[in-house]
Amino acid sequence: MSRRARPRPRPLPIGLVTVLVTTLVALVTLGPAGPAGATGSPRPGAVPSPTAPHRGVVAQDSSDTPTPGRDKAVAAFVEQRAKLRATLSGDSAGAPDGAATAGAGASANLAPTHNFWGVFPQPGTHDGITATHSVDPSYRVSNSQNFTYAPTTKAQNSCMEVVTAYWSLGAEIWAWDWCGQSGPAKTLKVNADFLAKYTTTANGISSYSVQLSKDATSGNAWSSYLYNHRTQAWELLFRSSGTDQSALNHGWDIFEIYATVNPATGKGYFCTEARNTAFDSADIKLRRGGTWQLATSTDSPWTSTNPRGSDFLCPSLTFTRAAQNHHWTVHP
């Protein structure tokens with residue numbers, strides 16, 4: 001029995017083929033969507049080069065003036081640093097396991113617990129530090145006595161610390177002056193303008209990049225910068241000189257909490273309020289001899305190699321050493 005020949009398929013028009021190929025390439029380039037709070041698909045150079053151009057100045061919103069709430073946050077921060085100095089005074093080799101539990105267990109008398117974890121860049125190993133830090137504008141602290149400073153970074157003897165500060169009035173970036181009057185000399189609200197200029201998606205997380213470096217001048221003069229992804233340049237955040245008043249002979253890049261127990265859960269407030277937030281510091285580099293290099297186990301030891309979530313009022317807290325001393329993640 002003979003069969004009728006099937007008609008040969010007609011080729012697609014060249015124009016339609018071009019459109020289909022272009023669409024497929026675009027989809028592959030975009031990749032999977034990031035988590036809530038992310039700024040979208042990664043921009044080129046999500047982790048900027050430390051030697052990218054340095055130009056421009058980070059503008060501060062004229063309406064962003066000190067408030068009683070921030071004053072309280074500042075007072076708590078000063079108190080934390082005093083405890084930190086007392087705990088680590090004279091320690092030039094980094095904190096041993098368990099040393100990073102200053103104040104842990106203090107919840108028994110309702111005093112806030114202060115604790116931290118990350119890396120301590122050591123004396124004489126650097127005159128600059130840079131890192132890409134996560135930021136989550138959706139994370140808000142409900143209790144006025146609780147503060148999450150994470151990530152926060154400071155170079156050895158630097159005149160400033162750049163802090164990702166979460167407290168009851170939202171998320172802010174602080175340039176804390178360690179060579180002048182203790183306090184945030186410059187503050188930025190993590191709002192739509194900040195997100196559009198300074199954040200991108202790195203490691204699947206909305207992040208911004210920060211740099212602190214000693215100036216090529218006599219004396220102890222330092223500048224801090226944020227990377228503007230629109231202009232592809234490092235913008236000056238804050239500059240200061242003088243004597244570092246932290247009284248600590250090392251730098252840090254850490255996750256830090258100042259927490260009390262939520263009686264409804266028996267855990268720190270942040271343990272549930274930040275359950276959808278990943279605190280991440282990546283691509284931590286130190287400048288030595290004019291060259292930027294990734295932090296290592298030799299120059300930047302962990303504050304603790306076996307941290308416990310219970311010491312942070314959050315038993316479920318996970319601490320991930322994502323890379324050899326230059327990338328860490330903390331997640332409730």
Side-chain angles (χ1 to χ4, degrees), residues 73-104 112-131 133 147-165 174-185 210-215 219-224 238-258 281 284-288 295-305 307 311-312 325-326 328:
V74 168
F77 197 90
V78 171
E79 181 180 353
Q80 291 176 34
R81 288 300 182 253
K83 291 180 179 179
L84 181 62
R85 287 195 297 270
T87 302
L88 302 176
S89 178
D91 178 13
S92 62
D97 288 358
T101 56
T113 288
H114 172 219
N115 213 338
F116 52 89
W117 179 79
V119 294
F120 278 170
Q122 293 298 287
T125 63
H126 64 288
D127 63 358
I129 188 171
T130 187
H133 287 170
F147 310 94
T148 303
Y149 302 118
T152 179
T153 195
K154 182 183 182 297
Q156 177 210 4
N157 292 335
S158 66
C159 281
M160 72 281 299
E161 174 180 6
V162 177
V163 185
T164 315
W174 293 356
W176 185 279
D177 187 2
W178 279 111
C179 291
Q181 295 183 347
S182 291
V210 58
Q211 183 180 126
L212 287 71
S213 56
K214 189 175 183 181
D215 297 336
N220 193 46
W222 289 77
S223 297
S224 57
F238 177 66
R239 180 172 284 147
S240 182
S241 62
T243 301
D244 175 19
Q245 300 169 19
S246 72
L248 295 172
N249 60 359
H250 54 73
W252 58 80
D253 190 278
I254 56 176
F255 165 84
E256 183 174 8
I257 56 101
Y258 195 69
S281 179
I284 303 169
K285 288 187 174 80
L286 304 181
R287 190 180 69 177
R288 44 184 174 267
T296 69
S297 58
T298 300
D299 55 46
S300 304
W302 298 101
T303 59
S304 172
T305 56
D311 290 334
F312 290 74
N325 298 63
H326 58 79
W328 56 259

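- One distance of note links NE2 of His126 with CD of Gln156; it measures 5.5 Å at 0.5 Å rounding.
- Paired with Thr153 under the rule side-chain contact (heavy atoms from CB on, under 4.5 Å), one option of Asp253, Val119, Val163, Thr130 passes, and it is Asp253.
- At distances below 3.5 Å, at least one donor-acceptor pair connects side-chain atoms of Thr164 with backbone N or O atoms of Pro151.
- From His250, atom NE2 reaches atom CD of Gln122 across 7.0 Å, with rounding to the nearest 0.5 Å.
- Contact detail for Leu286 and Ser300: the closest heavy-atom pair is CD1-OG, 3.5 Å.
- Between Asn325 and Ala295, the shortest heavy-atom distance links the atoms O-CB, 3.3 Å.
- For the residue pair Asp215 and Ser223, the shortest heavy atom distance occurs at OD1-OG, 2.9 Å.
- To the nearest 0.5 angstrom, Arg239 atom CZ is 12.0 Å from Cys159 atom SG.
- Exactly one of Phe255, Phe312, Tyr149, Trp302 qualifies for a ring pair (Phe, Tyr, Trp, His ring centres under 6.0 Å) with Trp117. That residue is Trp302.
- Contact detail for Trp178 and Ser158: the closest heavy-atom pair is CB-O, 4.0 Å.
- To the nearest 0.5 Å, atom CD of residue Gln211 and atom CD1 of residue Ile129 are 10.5 Å apart.
- Under a 3.5 Å cut-off, the side chain of Thr303 and the backbone N or O of Gly118 do form a donor-acceptor pair.
- Nearest heavy atom pair, residue Trp252 against residue Ser246, reads CH2-CB, 4.4 Å.
- Ser281 contributes no side-chain N or O that, together with a main-chain N or O of Trp328, makes up a donor-acceptor pair within less than 3.5 Å.
- Put simply, CG on Leu212 and CZ on Arg287 are 10.5 Å apart, with the number rounded to the nearest 0.5 Å.
- Atom CZ of Phe120 and atom CD1 of Ile254 lie 6.0 Å apart (nearest 0.5 Å).
- Remark: the backbone N or O of Thr152 is not paired with any side-chain donor or acceptor of His133 at under 3.5 angstrom.
- Judged as a salt bridge (charged side-chain N to carboxylate O under 4.0 Å, His left out), and not counting sequence neighbours, Asp177 has no contacts.
- Asn157 places no side-chain N or O within 3.5 Å of a backbone atom of Asn220 that could act as its donor or acceptor partner.
- Within the 4.5 Å cutoff, the side chain of Trp176 has no heavy atoms near those of the Met160 side chain.
- Between Ala165 and Trp174, the closest heavy-atom pair is CB-CE2, 3.7 Å.
- At least one side-chain heavy atom of Asp244 sits under 4.5 Å from a side-chain heavy atom of Lys154.
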